[in-house]
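What follows is a set of notes on a single structure, which appears directly below.
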Amino acid sequence: MPFFLVDKKKNNRKRKADGKSRKNGMPKTKKSKKVEDEEITSESEHESDHVERKQVESDDETPEEIRKRAAEKLLAQKAAALKEKDNEDNDQLSAQLRQEHRERIGRQFKHIADLYEPPKEEDIRWCRWCKLDVVTCITVMPDGSAIFTGSKDGSIVKWSSVTGEKLHVVHGIRKKHSQSTGHDGAVLALAVSYNGKFLASGGKDTNIYVWNPKDCQLIHTLNGHRSAIISLVFRDDSHDLFSCSQRISNSALMKIWNLDEMAIMDTISAPDLAAVDCLKGNKPITACGRDSNIIVWKLDKNDNVSATYSGRRDQQNSNNISSKKVQNSPTSLIHCAAIDCIRYIDDQHAISGACDNSLAVWKLPKSRYPVATVRNAHDGRDSSKPSESWITSVASVRRSDLVASGSHDGFVKFWKCGDDFRSINLLFSVPVDGFINGLEFSSKGNFIVAAVGKQQRLGRWIPSFKNSSTNNGQGTVRNGVCIIRLRQKTPEG
């Protein structure tokens with residue numbers, strides 16, 4: 001018998017069986033549905049129609065309408081909160097919303113310098129190790145739980161910011177540590193990403209090592225620089241890394257890396273580079289060392305645009321100004337030597353330190369020259385030669401009026417930026433003996449750390465403090481990390 005006849009019979013049997021089940025089952029289900037429909041109340045029908053109507057409305061809404069509805073809801077909540085306080089001022093409501101928005105995006109400027117009091121002896125803690133070499137650079141974890149330092153022997157040390165204990169050591173490549181994955185030479189720069197995922201280190205071996213900050217395990221090695229790497233910084237809220245190398249063949253390089261892909265993004269050449277810093281956006285700022293200039297770079301996919309701000313003025317203009325007006329004239333607001341360190345204060349202001357022992361505040365991009373300068377910011381070990389104590393490091397609490405500077409005169413000094421950044425006033429000084437090769441505030445501004453060494457970070461131009469007593473009479477200088485706790489003033493009464 002052909003196969004299609006057999007299948008036809010089987011199909012007929014199935015159809016008959018299905019027909020019987022339908023005849024027997026369908027009427028019963030219809031009756032049950034009618035009974036259930038009769039039992040449903042009018043309120044439930046109204047609620048189901050309301051839910052369906054809401055779903056249709058949400059499906060028909062555009063993204064702009066959804067955002068508008070959310071904004072109206074937020075405004076109603078804020079207005080109700082102000083009404084409870086017997087205050088229905090629309091100006092106050094708009095000011096409050098504007099402040100919350102600026103705090104959320106990280107652009108709210110805070111006046112906090114006057115809130116701090118000078119630290120006491122119990123607020124100063126030292127982190128030391130018998131095998132620790134000259135500390136050249138320092139950085140702090142975003143949550144403030146740990147501190148990382150780099151040394152001239154190529155080692156990277158992780159410290160506890162609470163107890164000051166040594167948590168982990170990555171040794172440099174030496175005969176005793178031939179299996180080490182560390183640097184083959186001095187470590188000169190450190191940086192931690194905004195979320196604490198990556199720790200980057202650079203030094204004389206021209207390599208950038210990317211580490212896991214939790215266990216200090218090597219993740220990747222970035223190559224591309226031809227000279228020693230002297231500055232590293234991460235862009236805020238991203239894993240983009242900026243690196244600067246020393247001048248070689250009349251030019252220095254700044255490279256931009258993407259650590260998510262462990263790849264290079266761009267290379268920029270400049271006559272000289274000493275330090276780099278960056279906030280959010282594509283505008284890193286660099287100190288140009290011996291050129292006495294700073295450069296703000298505007299990075300673009302198609303072209304990189306730079307704006308140069310000069311630390312020097314022509315001496316011809318200063319000859320026509322009387323001696324009484326020189327102090328307040330623009331010609332006095334200059335750096336007369338190489339700019340070695342720079343740090344952003346906020347998106348439009350930066351502070352720099354130079355080898356002539358001066359601090360300068362820059363207003364970007366409105367002013368081509370510094371808007372405020374402090375001459376002889378650090379008095380020096382020899383009061384007759386204050387210019388010998390050049391500024392070796394600066395730091396700032398982001399988007400606030402509190403900044404700090406270090407030299408080798410035996411003090412870390414804290415400064416307040418005046419109104420409209422037209423002045424810099426000294427708040428207090430903390431005695432710290434040695435070369436301050438690095439300064440870094442915590443993200444909350446509750447402490448500052450200093451990288452202290454017997455020698456300068458990049459050389460030995462001044463005799464070291466080895467086996468010599470300091471001005472403050474505290475004995476010989478030792479390599480280490482100084483943690484200074486910053487406390488706010490208690491309200492009177």
Side-chain angles (χ1 to χ4, degrees), residues 136-137 188-189 230-231 233 244 246-247 252 270-277 284-296 307-315 318 326-327 329-345 349-364 367-383 385-396 403-415 417 421-426 429 435-439 450-451 456-459 461-462:
T136 57
C137 50
L188 302 176
I230 55 177
S231 185
V233 68
C244 287
Q246 276 185 329
R247 180 177 179 176
D272 194 9
L273 294 173
V276 62
D277 194 24
I285 187 172
T286 57
C288 296
R290 288 171 285 183
D291 290 346
S292 299
N293 298 331
I294 67 170
I295 299 179
V296 179
T308 303
Y309 300 84
S310 177
R312 296 181 179 179
R313 263 185 178 269
D314 297 335
Q315 296 297 330
S318 61
V326 167
Q327 186 176 1
S329 67
T331 56
S332 64
L333 305 178
I334 57 176
H335 281 314
C336 297
I339 302 175
D340 281 347
C341 47
I342 194 166
R343 190 64 59 94
Y344 264 120
I345 298 176
H349 300 88
I351 184 170
S352 61
C355 291
D356 61 349
N357 194 13
S358 64
L359 287 172
V361 174
W362 307 76
K363 192 170 185 178
L364 311 170
S367 179
R368 184 181 175 186
Y369 302 99
V371 294
T373 302
V374 177
R375 295 288 186 186
N376 297 327
H378 289 258
D379 297 335
R381 299 174 64 187
D382 185 0
S383 59
K385 299 179 181 179
S387 60
E388 288 188 358
S389 297
W390 73 85
I391 309 299
T392 55
S393 56
V394 292
S396 66
V403 296
S405 63
S407 182
H408 64 277
D409 64 334
F411 294 96
V412 173
K413 294 191 175 184
F414 296 81
W415 309 83
C417 297
F421 294 89
R422 292 289 177 178
S423 62
I424 312 174
N425 303 314
L426 180 65
S429 302
F435 290 97
I436 310 300
N437 292 323
L439 285 174
Q456 301 94 326
R457 184 170 72 104
L458 299 175
W461 300 286
I462 295 178

Y309 and I285: side-chain contact (heavy atoms from CB on, under 4.5 Å), yes or no, with the steps?
CA-CA 10 Å; Y309 300 84; I285 187 172; over 6 Å; no
T286: partners by side chain to side chain donor-acceptor pair (under 3.5 Å), with sequence neighbours left out:
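With neighbours one apart ignored, the set is W297.
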Could I get the full list of side chain to side chain donor-acceptor pair (under 3.5 Å) partners for D277, not counting sequence neighbours?
R398
Taking all non-hydrogen atoms of both residues into account, name the closest pair between [X] and [Y] and its distance.
X	Y	answer
C341	A275	CA-CB, 4.2 Å
T136	R457	O-CD, 2.8 Å
A189	C137	N-SG, 3.5 Å
A377	I391	CB-CD1, 4.1 Å
S396	R343	OG-CG, 3.4 Å
F421	V371	O-CG2, 3.2 Å

To the nearest 0.5 Å, how far apart are [atom1] in [X] and [atom2] in [Y]?
X	Y	atom1	atom2	answer
C288	I295	SG	CD1	3.5 Å
W390	S358	CH2	OG	13.5 Å
I424	L359	CD1	CG	5.5 Å
R368	N293	CZ	CG	8.5 Å
L439	S405	CG	OG	7.5 Å
I339	L273	CD1	CG	12.0 Å

Run the numbers on V394 and S352 for side-chain contact (heavy atoms from CB on, under 4.5 Å), then give the verdict.
CA-CA 7 Å; V394 292; S352 61; over 6 Å; no
Taking the side chain as every heavy atom from C-beta outward, state whether P284 and V233 have any pair of such atoms under 4.5 Å apart.
no
On the 0 to 90° scale, with breaks at 30° and 60°, tag the H378-W415 ring pair as parallel, tilted or perpendicular.
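Rings of H378 and W415: perpendicular, as their planes differ by over 60°.
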Keeping S231 on the side-chain end and A274 on the backbone end, is there a donor-acceptor pair under 3.5 Å?
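No; judged by distance alone, with no hydrogens or angles, the pair does not exist.
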Within the side chain of S393, is there an N or O that forms a donor-acceptor pair under 3.5 Å with the backbone of I436?
yes
Evaluation steps, side-chain contact (heavy atoms from CB on, under 4.5 Å), between Q456 and T392
CA-CA 9 Å; Q456 301 94 326; T392 55; over 6 Å; no
Are L188 and Q246 close enough, and set up right, to give a side-chain contact (heavy atoms from CB on, under 4.5 Å), and what steps lead you there?
CA-CA 11 Å; L188 302 176; Q246 276 185 329; 5.6 Å; no
